[in-house]
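Reading through the structure tokens given below for one structure.
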Amino acid sequence: MQDTHLAHAPLGQDVVYPVTYDAGLLFPIERARNRQQLNIPSVWHGADIWNAYELSWLDARGKPVVAIGRFVFDHSSPRLIESKSFKLYLNSFNEERQQDEATVRGTLQRDLERACGGPVEVSLQRLGDGQALQCAPMDGISIDGADIEISAYEPTPGLLQCVADAPQVTETLTSDLLKSNCPVTGQPDWGSVQVRYTGPRIDRDALLRYIVSLRRHTEFHEHCVEKMYCDIWQACQPESLFVYARYTRRGGLDINPWRSSAATTVVDARTPRQ
């Protein structure tokens with residue numbers, strides 16, 4: 001069910017791109033409504049990692065500066081940021097003179113924390129700083145080669161199951177067949193997903209069928225990952241679980257949410273499609 005207040009979001013609407021800095025462009029969305037539909041474990045951890053590849057401002061002398069921005073929103077924040085509003089907000093820096101990079105970073109952190117209501121890590125990488133951006137598939141065993149028939153393209157958590165008399169295992173499984181759709185525009189969102197767990201062995205064919213069942217689902221990236229996490233947790237009852245999705249970029253932004261049963265450090269490494 002679509003949030004009625006999304007009708008006021010810039011997503012899917014014609015907009016005039018800003019020529020002056022404006023923090024009011026950020027459009028927050030409450031996480032609570034989506035989470036009310038999930039059977040969330042009593043303890044979980046996570047974050048939403050955003051990478052911005054179209055970030056620029058003017059230095060104190062009016063010379064353009066370009067950078068790649070990385071923003072990490074804690075999953076505990078009460079609100080997420082709608083992506084087009086984030087893009088418009090970042091573009092509002094384009095024609096603004098800034099004293100230095102620290103000033104830009106501080107402004108970004110202040111505005112984003114006010115909008116989402118929680119902590120946000122902000123880092124900026126100047127192009128030419130010497131740090132090469134590497135692309136590689138997500139670590140793990142790909143399940144995409146399974147020779148199976150699929151007929152479910154709406155979320156079907158009942159597909160998930162463990163292998164009969166399954167032994168306890170620790171393994172990492174991946175798929176590049178994740179697709180969902182924007183809840184406002186209906187445009188496709190493409191991604192890769194990694195599932196790492198300890199527990200009874202998950203039926204890999206069943207897991208792939210479940211991932212593909214989100215193909216016509218309309219929801220934001222963060223909500224899709226939370227749904228996958230909760231569905232796997234409930235169906236398979238693992239001792240530990242980590243679900244991480246990396247979505248292809250749109251509007252110069254890629255969004256990469258992860259949820260985990262334990263606190264962990266996540267490497268923000270781009271996939272070939274990013």
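- Using modelled atom types, one finds no donor on one side chain facing an acceptor on the other under 3.5 Å when comparing S77 with D74.
- Smallest separation of non-hydrogen atoms from V19 and E95: O-CB, 3.7 Å.
- In this structure, NE2 in H223 is found 10.5 Å from CZ in R33, a value given to the nearest 0.5 Å.
- Inspection of the Q274 and N256 side chains reveals an N or O donor paired with an N or O acceptor under 3.5 Å.
- Distance alone, capped at 3.5 Å, is enough to place a donor-acceptor pair between the E96 side chain and the Y21 backbone.
- Salt-bridge annotation for E226 and R35: present, with a side-chain N of the basic residue lying under 4.0 Å from a carboxylate O of the acidic one.
- To the nearest 0.5 Å, atom OG1 of residue T174 and atom CZ of residue R246 are 13.5 Å apart.
- Between the side chains of Y89 and D22, no donor-acceptor pair of N or O atoms lies under 3.5 Å.
- Clustering ILVMFWY residues whenever any of their side-chain heavy atoms sit less than 4.5 angstrom apart, transitively, puts F73 in a cluster other than the one holding V243.
- Geometric assessment of R249 against the ring of Y53 yields a positive cation-pi assignment under the 6.0 Å and 45° thresholds.
- A salt bridge links R250 with D189: the distance from a Lys NZ or Arg NE/NH1/NH2 to an Asp or Glu carboxylate oxygen falls below 4.0 Å.
- Remark: R209 does not engage E149 in a salt bridge, criterion side-chain N to carboxylate O under 4.0 Å.
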Is there a side chain to side chain contact (heavy atoms under 4.5 Å, CB included) between W190 and R273 once you walk through the steps?
CA-CA 9 Å; W190 306 96; R273 289 194 295 173; 4.0 Å; yes
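- A side-chain donor-acceptor contact under 3.5 Å links S175 and D144.
- The side-chain heavy atoms of L127 and I68, taken from C-beta on, include a pair separated by under 4.5 Å.
- Closest non-hydrogen pair, L178 versus V193, comes out as CD2-CB, 4.2 Å.
- Below 30°, between 30° and 60°, or above 60°: for H221 and Y247 the angle between ring planes is above 60°, a perpendicular geometry.
- In this structure, R70 and V266 approach most closely via the heavy-atom pair NH2-O, 4.4 Å.
- Taking 4.5 Å as the limit, every side-chain heavy atom of R216 sits out of range of all side-chain heavy atoms of K179.
- D231 has its side chain within reach of L160: a pair of non-hydrogen atoms, C-beta onward, lies under 4.5 Å apart.
- Ring geometry, F86 versus W50: the interplanar angle falls from 30° to 60°, so the pair is classed tilted.
- Electrostatic pairing of R201 and D165 does not count as a salt bridge here, judged by no charged N lying under 4.0 Å from a carboxylate O.
- Using a 4.0 Å cut-off between a side-chain N of Lys or Arg and a carboxylate O of Asp or Glu, D254 and R270 do not qualify as a salt bridge.
- In this structure, a donor-acceptor pair under 3.5 Å is present between the side chains of S192 and D176.
- For G117 against P78, the heavy-atom pair with the smallest separation is O-CD, 3.5 Å.
- In terms of heavy-atom proximity, R79 sits nearest to A115 at NE-O, 2.7 Å.
- Remark: D59 CG to E101 CD distance equals 11.5 Å, nearest 0.5 Å.
- Criterion: ILVMFWY side-chain heavy atoms under 4.5 Å apart, direct or through other members. Under it, M138 and V195 are not part of a common hydrophobic cluster.
- Under a 3.5 Å cut-off, the side chain of Q109 and the backbone N or O of V120 do form a donor-acceptor pair.
- With F242 as the aromatic partner, R196 meets the cation-pi criteria of under 6.0 angstrom to the ring centre and within 45 degrees of the ring axis.
- Going from atom CD1 of I49 over to atom CD1 of I255 covers 12.0 Å, rounded to the nearest 0.5 Å.
- Rounding to the nearest 0.5 Å places NZ of K227 at 6.0 Å from NE2 of H217.
- Hydrophobic clustering places M228 together with I150 (ILVMFWY residues linked when any side-chain heavy atoms are closer than 4.5 Å, directly or through intermediates).
- Hydrophobic clustering (side-chain heavy atoms under 4.5 Å, transitive across Ile, Leu, Val, Met, Phe, Trp, Tyr) keeps I211 apart from W258.
- For the 3.5 Å distance criterion, the side chains of Y210 and D203 fail to qualify, holding no donor opposite an acceptor.
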Residues K87, E82; criterion salt bridge (Lys or Arg N to Asp or Glu O under 4.0 Å); working and verdict
CA-CA 9 Å; K87 176 184 177 180; E82 187 273 313; over 6 Å; no
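- The backbone N or O of Y17 lies less than 3.5 Å from no partner atom in the side chain of N91, so there is not a single donor-acceptor pair.
- Annotation for C230 and W44: closest pair SG-CZ3, 4.2 Å, computed over non-hydrogen atoms.
- Note on D48 versus R31: salt bridge recorded, some NZ/NE/NH1/NH2 to OD/OE distance being below 4.0 Å.
- The closest donor-acceptor contact from the side chain of S56 to the backbone of E54 lies at 3.5 Å or more, if one exists at all.
- Using modelled atom types and a 3.5 Å distance limit, the side chains of Q168 and E239 yield a donor-acceptor pair.
- L55 CG to L108 CG: the interatomic distance, rounded to the nearest 0.5 Å, is 6.5 Å.
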